[in-house]
Amino acid sequence: MRRIGMTVNGSPRTADVEPRELLVYVLREHLGLTGTNVGCDTSSCGACTVLLNGESVKSCTVLGVQADGQEITTIEGLARNGELHPVQQAFHEHHGLQCGYCTPGFVLAAVSLLNENPSPSEAEIREGLEGNLCRCTGYHNIVKAVQAAASS
């Protein structure tokens, strides 16, 4: 076991982890942040996307020990003072979700995309989110939600 320390959603957190343990499981099982979902364990679906030092990463591709000393934002860390993050609000208003399982990953990938490119075209949005899969929607409303968040 190895003790790691990181800033998660603005708060310092520690955990004793196995060196081979994936960040997604550290977040879910050690820190109780179950908004980060395990979808495929192969980095194909993006349900486990989080922000690592502001960049979107699939947490099933990062070892927990690699997050030692880093800053992580999960879906639980986006809302502030009871107010949804603009991307969360746009997903709600534009029906950018159905079952909701992939939604946390899409939202965090969109936050990262909009931080890098505050005014993306539809093609840039689709390309920026191509690492995230949804089995319920046709992506149209997800793209509309990101466009709305970009314009807010």
Side-chain angles (χ1 to χ4, degrees), residues 4 6-11 13 20-31 33-152:
I4 61 170
M6 58 202 132
T7 301
V8 181
N9 299 329
S11 298
R13 302 292 299 265
R20 67 180 181 271
E21 196 167 2
L22 297 173
L23 179 58
V24 65
Y25 294 110
V26 172
L27 294 169
R28 290 181 61 79
E29 296 172 10
H30 293 275
L31 303 181
L33 298 169
T34 57
T36 303
N37 292 315
V38 179
C40 65
D41 262 345
T42 62
S43 78
S44 297
C45 74
C48 67
T49 301
V50 298
L51 301 181
L52 180 64
N53 298 324
E55 299 286 327
S56 66
V57 298
K58 295 176 182 178
S59 60
C60 73
T61 66
V62 178
L63 295 171
V65 295
Q66 291 175 293
D68 190 26
Q70 307 302 312
E71 184 175 330
I72 298 164
T73 303
T74 68
I75 195 71
E76 292 93 344
L78 285 183
R80 296 280 185 242
N81 301 319
E83 295 287 323
L84 293 176
H85 183 280
V87 174
Q88 290 173 304
Q89 187 64 40
F91 267 69
H92 172 71
E93 290 175 2
H94 295 274
H95 311 289
L97 59 113
Q98 283 189 16
C99 82
Y101 197 81
C102 68
T103 304
F106 266 105
V107 168
L108 287 158
V111 168
S112 180
L113 170 67
L114 294 176
N115 285 341
E116 292 176 20
N117 181 356
S119 187
S121 67
E122 179 179 339
E124 290 169 325
I125 292 169
R126 289 183 182 276
E127 181 180 339
L129 299 179
E130 70 184 359
N132 293 72
L133 300 177
C134 177
R135 292 172 177 94
C136 297
T137 72
Y139 298 93
H140 180 72
N141 287 347
I142 293 170
V143 173
K144 281 180 23 182
V146 177
Q147 288 172 320
S151 64
S152 64

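Side chains included, hydrogens not; waters and symmetry mates left out as well; all remaining heavy atoms used.
- Of all heavy-atom pairs between Asn117 and Glu124, the closest is ND2-OE1, 3.3 Å.
- Atom OG of Ser11 sits about 7.5 Å away from atom CG of Asn9, to the nearest 0.5 Å.
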TODO: Apply the test side chain to side chain contact (heavy atoms under 4.5 Å, CB included) to residues Leu84 and Phe91: give CA-CA distance (whole Å), side-chain angles for both, the deciding distance (0.1 Å), then the verdict.
DONE: CA-CA 10 Å; Leu84 293 176; Phe91 267 69; over 6 Å; no

- [ ] Run the numbers on Val26 and Met6 for side chain to side chain contact (heavy atoms under 4.5 Å, CB included), then give the verdict.
- [x] CA-CA 11 Å; Val26 172; Met6 58 202 132; 3.9 Å; yes

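- In this structure a side-chain-to-backbone donor-acceptor pair under 3.5 Å is present from Lys58 to Ser43.
- Across Leu133 and Ser44, no two heavy atoms sit closer than the pair CD1-O, 3.4 Å.
- To the nearest 0.5 angstrom, Cys99 atom SG is 9.0 Å from Arg135 atom CZ.
- The side-chain heavy atoms of Ile75 and Gln88, taken from C-beta on, include a pair separated by under 4.5 Å.
- Scanning all heavy atoms of the two residues, the minimum distance from Ala109 to Asn132 falls at CB-OD1, 3.6 Å.
- Using a 4.5 Å cut-off on side-chain heavy atoms (C-beta onward), Gln89 and Glu83 make no contact.
- Interatomic distance, Cys102 SG to Ile142 CD1, rounded to the nearest 0.5 Å: 5.5 Å.
- Annotation: side chain to side chain contact (heavy atoms under 4.5 Å, CB included) contacts of Thr7 (sequence neighbours excluded): Glu71.
- Side-chain contact between Val57 and Thr49: absent, with no pair of heavy atoms (C-beta onward) separated by less than 4.5 Å.
- Atoms OG1 and NE2, from Thr73 and His85 in turn, are 9.5 Å apart once rounded to the nearest 0.5 Å.
- Using a 4.5 Å cut-off on side-chain heavy atoms (C-beta onward), Leu108 and Ser56 make no contact.
- Rounded to the nearest 0.5 angstrom, Asp68 CG and Leu23 CG are separated by 11.5 Å.
- A side-chain donor-acceptor contact under 3.5 Å links Glu21 and His30.
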TODO: Might you work through the salt bridge (Lys or Arg N to Asp or Glu O under 4.0 Å) test for Arg126 and Glu122, ending with a clear yes or no?
DONE: CA-CA 6 Å; Arg126 289 183 182 276; Glu122 179 179 339; 3.1 Å; yes

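- Residues Val87 and Leu78 have side chains not in contact (no heavy-atom distance under 4.5 Å, counting atoms from C-beta outward).
- In plain terms, the two heavy atoms of Pro86 and Ser152 that are nearest each other are CB-OG, 4.0 Å.
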Open item on the list: Determine whether Leu97 and Phe106 satisfy the following criterion, side chain to side chain contact (heavy atoms under 4.5 Å, CB included), listing intermediate values before the conclusion.
Closed with: CA-CA 9 Å; Leu97 59 113; Phe106 266 105; over 6 Å; no

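- Residues Leu114 and Pro120 have side chains in contact (heavy-atom distance under 4.5 Å, counting atoms from C-beta outward).
- Of all the heavy atoms in Ala67 and Ile72, the pair that sits closest is CB-CD1, 3.8 Å.
- Smallest separation of non-hydrogen atoms from Leu52 and Gln70: CD1-CB, 3.6 Å.
- Contact check for Asn37 versus Pro104: side-chain heavy atoms found under the 4.5 Å cut-off.
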Task: Step-by-step side chain to side chain contact (heavy atoms under 4.5 Å, CB included) determination, His94 to Gln147 - done: CA-CA 10 Å; His94 295 274; Gln147 288 172 320; over 6 Å; no

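- Between the SG atom in Cys136 and the OH atom in Tyr101 there is a gap of 12.0 Å [rounded to 0.5 Å].
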